[in-house]
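After the structure tokens below, expect a handful of questions from me.
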Amino acid sequence: MANFAKPDVPRFSVDVYQNEYLPEGGREVNAIVMVTATGGGTIGKGPGAAAAGRRPSAAVAVMVDCSGSMDYPPTKMRHARDATAAAVDTLRDGTHFAVIGGTHVATEVYPGGGRLAVAGPAAREEAKRALRRLSAGGGTAIGTWLRLADRLLATADVTLRHGVLLTDGRNEHESPDDLRAALDACAGRFTCDARGVGTDWEVKEVTAIASALLGTADIVADPAGLAADFTRMMETAMGKEVADVALRVWTPVGTAIRFVKQVAPAVEDLTGRRTEAGPRAGDYPTGSWGDESRDYHLCVEVPPAGLGREMLAARVSLVVPGPDGTAQNLGAQGLVRAVWTDDMTASTAISPQVAHYTGQAELAQVIKQGLDLRKVGDFDGATAKLGRAVQLASASGNADTAKLLAKVVDVVDAATGTVRLKTRVAEADEMTLETRSTKTVRVKK
């Protein structure tokens, strides 16, 4: 088993990229906020820090689809068992964990009794023996799986709580409202990565789960790839060191926040998730962090001012819940400024970072629009949208998305976005493009 022990937990930094210059009467300020967590120096010295030399405590719930469709073909269930065993093997010693079997009801596969096991050699072997008894049969009600995971994870006094969810079908045995209510109940209580195996599941359901619970979503079209994917997911989960980090944005009187979006490594609109944090400040959830970097696009509307005036448009910091329930600052801060000028060259320039991520957000949007239009038979509309996607992917250097698009359209000229829809597209290729449409590339230095 890999050794994930590291002597430190991340130290956060915030960098702001913008063109602060506005023309006379200008009101919209855009900035890219790069948040970076790097190992070193915070052990025992501040919020989110672990005990010296140790990783923070964690609890993990693995939810495995055991509905009847998992038996078609029978190897799918076998690969799911193997993948869950690989995930259990990747848990570091001392991690609390449980395995849930999901059908139209949720079942405690291991350890049972409404509790969590503690990872170690004996518990791993017991869990893998329990996994061998998993069989397929029944329906699909994902909300019940999530609610059981929430109840089990809540029994552990730990710093980090995480779920992994695997499904191969549509959520047919509960209403969309039931699933949404479950996601609302679980949001902020644990993070969750969601995976769809095969091609009979609904992309929008799986991506909605990951979005609501601040995790990742992906497709594993070939069940044989599950074990490797589960291992990578669990390695990432075991690398998280600080939970419940929020982006706190303060703005002065007279300003209004138009939106806050994560734009790297994937597009995620956080605007509607704001919670008030005192006068003129709001918190936007970002989930759990290890050693990593993410970018956010902040758009602020400021009151118009005269030439030569300047103001602080926003102050961005990072906070985590403290032991007493009040937010504690992680010591990183960035400032967003507005300066009014009659220099047309300065005021009309667009920050390269802002331009890049505006394009990446549009790329995600037009892919989804194009695929939706293709599904309803509007082939002209689909061609226009997917052509624009090809153009954006090419211009921004998003090679991975460009390759996925090339499986859905024949590219005539990437620079102009001239494409033809393919007459036959493999379902797995279309679902992969849709699932990964929000993944972005970092701005070129």
Are Arg195 and Asp229 close enough for a salt bridge, meaning some N to O gap below 4.0 Å?
yes
Sequence neighbours excluded, which residues qualify as ring-ring contact (aromatic ring centres under 6.0 Å, His included) partners of Phe379?
none
Scan side-chain atoms only and decide if His162 and Asp193 contain a donor-acceptor pair under the 3.5 Å cut-off.
yes
Hey, are Arg274 and Tyr284 close enough side-chain-wise for a donor-acceptor pair under 3.5 Å?
yes
Applying side-chain contact (heavy atoms from CB on, under 4.5 Å) to Asp82 and not counting sequence neighbours gives Arg78
Decide yes or no for Thr435 and Val206: does some side-chain heavy atom of the first lie under 4.5 Å from some side-chain heavy atom of the second?
no
Measure across Met234 and Ala87 and return the closest heavy-atom pair with its distance rounded to 0.1 Å.
CG-O, 3.5 Å
Donor-acceptor pair, His356 side chain versus Val441 backbone, under 3.5 Å?
yes
Which of parallel (below 30°), tilted (30 to 60°) and perpendicular (above 60°) describes Phe259 and His297?
perpendicular
Enter the distance from Leu226:CG to Thr84:OG1 here, rounded to the nearest 0.5 Å.
8.5 Å
Residues Leu330 and Val320: closest non-hydrogen pair is CD1-CG1, 3.8 Å
Under a 4.0 Å N-O cut-off, is there an ion pair linking Glu126 with Arg124?
no
Quick one: ring-ring contact (aromatic ring centres under 6.0 Å, His included) partners of Trp289, sequence neighbours excluded?
Phe12
Any donor-acceptor N/O pair, His173 side chain to Thr140 backbone, under 3.5 Å
yes
Taking side-chain contact (heavy atoms from CB on, under 4.5 Å) as the definition, give me every residue that meets it alongside Ala156, ordered by chain and number, with sequence neighbours left out.
Ala59, His96, Leu116, Val158
Would you name the heavy atoms of Met63 and Cys192 that are closest together and state the gap between them?
CE-SG, 4.0 Å
Excluding sequence neighbours, so at least two apart, what forms side-chain contact (heavy atoms from CB on, under 4.5 Å) with Ser288?
Leu160, Thr191, Lys240, Ala243
Mind listing the side-chain donor-acceptor pairs of residues 244-251 below 3.5 Å, one per line with the distance, residues two or more places apart or on another chain?
unit_1: Arg248; atom_1: NE; unit_2: Asp283; atom_2: OD1; d: 2.7
unit_1: Arg248; atom_1: NH2; unit_2: Asp283; atom_2: OD2; d: 2.9
unit_1: Thr251; atom_1: OG1; unit_2: Thr255; atom_2: OG1; d: 3.3

Would you say the side chain of Ile32 lies within less than 4.5 Å of the side chain of Val443, judging by non-hydrogen atoms?
no
Qualifying residues under side-chain hydrogen bond (donor to acceptor under 3.5 Å, both in side chains), relative to Arg232, sequence neighbours excluded
none
Who passes side-chain contact (heavy atoms from CB on, under 4.5 Å) against Leu183, sequence neighbours left out?
Leu146, Leu179, Arg180, Ile209, Ala212, Leu213
Is it the case that the side chain of Trp201 and the backbone of Asn171 share a donor-acceptor pair, with hydrogens and angles ignored and the cut-off at 3.5 Å?
no
Could you tell me whether the side chain of Glu292 and the main chain of Thr36 form a donor-acceptor pair under 3.5 Å?
no
To the nearest 0.5 Å, how far apart are CG in Asp372 and CD1 in Ile367?
12.0 Å
Test side chain to side chain donor-acceptor pair (under 3.5 Å) on Ser293 and Arg442 and set out the steps.
CA-CA 10 Å; Ser293 183; Arg442 302 300 291 270; 3.1 Å; yes
Give a yes or no on whether a salt bridge exists between Asp168 and Lys76, defined as a side-chain N under 4.0 angstrom from a carboxylate O.
yes
Carboxylate-amine/guanidinium contact Asp200 Arg170, below 4.0 Å:
no
Step-by-step side chain to side chain contact (heavy atoms under 4.5 Å, CB included) determination, Asp295 to Gln353
CA-CA 10 Å; Asp295 294 348; Gln353 290 83 1; over 6 Å; no
Donor-acceptor under 3.5 Å (Thr358 side chain, Val354 main chain)
yes
Side chain to side chain contact (heavy atoms under 4.5 Å, CB included) assessment of Tyr296 paired with Thr286
CA-CA 10 Å; Tyr296 299 87; Thr286 68; 3.4 Å; yes
One should read off an interatomic distance between Glu108 CD and Leu152 CG, to the nearest 0.5 angstrom, of 5.0 Å
Step-by-step side chain to side chain contact (heavy atoms under 4.5 Å, CB included) determination, Thr103 to Trp145:
CA-CA 8 Å; Thr103 60; Trp145 315 355; 5.5 Å; no
Could you verify whether a donor N or O on one side chain and an acceptor N or O on the other, from Ser211 and Glu268, lie under 3.5 Å apart?
yes
Got a sec, which residues hit ring-ring contact (aromatic ring centres under 6.0 Å, His included) with Phe97, two or more places apart in sequence or on another chain?
Tyr110
Looking at residues at least two apart in the chain, or sitting in another chain, which of them share a side-chain hydrogen bond (donor to acceptor under 3.5 Å, both in side chains) with Thr207?
none
Nearest-0.5 Å distance that lies between atom NE2 in His104 and atom SG in Cys66:
12.0 Å
Is it the case that Thr416 and Gln391 place a side-chain donor and acceptor less than 3.5 Å from each other?
no
From Glu205 atom CD to Ile142 atom CD1, the distance as rounded to the nearest 0.5 Å:
5.5 Å
Does Thr167 reach the main-chain N or O of Gly169 with its side chain, forming a donor-acceptor pair under 3.5 Å?
yes
Consider only side-chain N and O atoms of Asn398 and Gln360, and report whether a donor and an acceptor are under 3.5 Å apart.
yes
How about Ile257 and Leu298: do any of their side-chain heavy atoms sit closer than 4.5 Å?
yes
Would you indicate whether the side-chain heavy atoms of Val60 and Met238 approach each other to under 4.5 Å?
yes
Using a strict cut-off of less than 4.0 Å between a Lys/Arg side-chain nitrogen and an Asp/Glu carboxylate oxygen, indicate whether Glu434 and Lys204 qualify as a salt bridge.
yes
Within-4.5 Å side-chain heavy-atom neighbours: Thr38 and Pro10:
no
What are the two closest non-hydrogen atoms of Glu241 and Pro56, and how far apart are they?
O-CG, 3.3 Å
Under the rule for salt bridge (Lys or Arg N to Asp or Glu O under 4.0 Å), what residues qualify as partners of Asp410, not counting sequence neighbours?
Lys422
Compare all side-chain heavy atoms of Val33 with those of Tyr17 and state whether any distance is below 4.5 angstrom.
no
Scan residues 127-138 for pairs that pass side-chain hydrogen bond (donor to acceptor under 3.5 Å, both in side chains), counting only residues two or more places apart or in two chains.
Asp89-Lys128, Glu125-Lys128
So do Thr107 and Ile100 actually touch side chain to side chain, heavy atoms under 4.5 Å?
no
Does any donor atom in the side chain of Asp178 or Ser175 lie under 3.5 Å from an acceptor atom in the other side chain?
yes
Note, Asp222 side chain near Val220 side chain (heavy atom, < 4.5 Å):
no
With a 4.0 Å cut-off on N to O distance, would you call Glu430 and Arg374 a salt bridge?
yes
Would you say the side-chain atoms of Asp413 and Thr418 include a donor-acceptor pair closer than 3.5 Å?
no
